[in-house]
Amino acid sequence: MDPVTLLTVVVLAVFVGFEVVSKVTSKLHTPLMSGANAIHGIILVGAIIVAGQADDPWLLMVALLAVVLATANLVGGFVVTDRMLEMFGSRKPVRRSDRPRRDGP
């Protein structure tokens, strides 16, 4: 593929990813992070494909920058999702042996 086509794929992937994620309200952002991670994964795959097809050094640089940014976005999404899921996890019950003893009558 020619460099213009490859650059167009990267730009469109970034634009579509941004538009989809920006449409989510702040109240729903954390619960929908898992779905957004799938979109970030698609963007990352597109950036890797473009980086693998790049012949020009400047196009390779732009594609590698897209790979780095998409990777950071994907990892950040998983970190936020993990923290959100910890909030909903059950707490460990306190065992009798862990409770403080009362000395006295």
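Hydrogens, waters and symmetry mates play no part in the numbers below; they use all other heavy atoms, side chains included.
No option in N73, I49, L74 other than L74 meets the side-chain contact (heavy atoms from CB on, under 4.5 Å) test with L44. Applying side-chain contact (heavy atoms from CB on, under 4.5 Å) to L12 and the options V9, V14, T8 leaves one that passes, T8.
Hydrophobic cluster membership differs between I43 and V79, with clusters built from Ile, Leu, Val, Met, Phe, Trp and Tyr side chains linked at under 4.5 angstrom. Under a hydrophobic-cluster definition in which Ile, Leu, Val, Met, Phe, Trp and Tyr are linked whenever side-chain heavy atoms come within less than 4.5 Å, directly or via other members, L6 and W58 are assigned to the same cluster.
Shown here for V50 and A63, the closest heavy-atom pair between the two residues is CG1-CB, 3.9 Å. Here the closest non-hydrogen pair linking V67 and A51 is CG2-CB, 4.4 Å. Contact record, L59 with P3: CD2-CA, 3.5 Å, taken as the closest heavy-atom pair.
The line from CG of L60 to CG of D55 is 9.5 Å long, rounded to the nearest 0.5 Å.
In this structure the side chain of T5 reaches within 4.5 angstrom of the side chain of D2, judged on heavy atoms.
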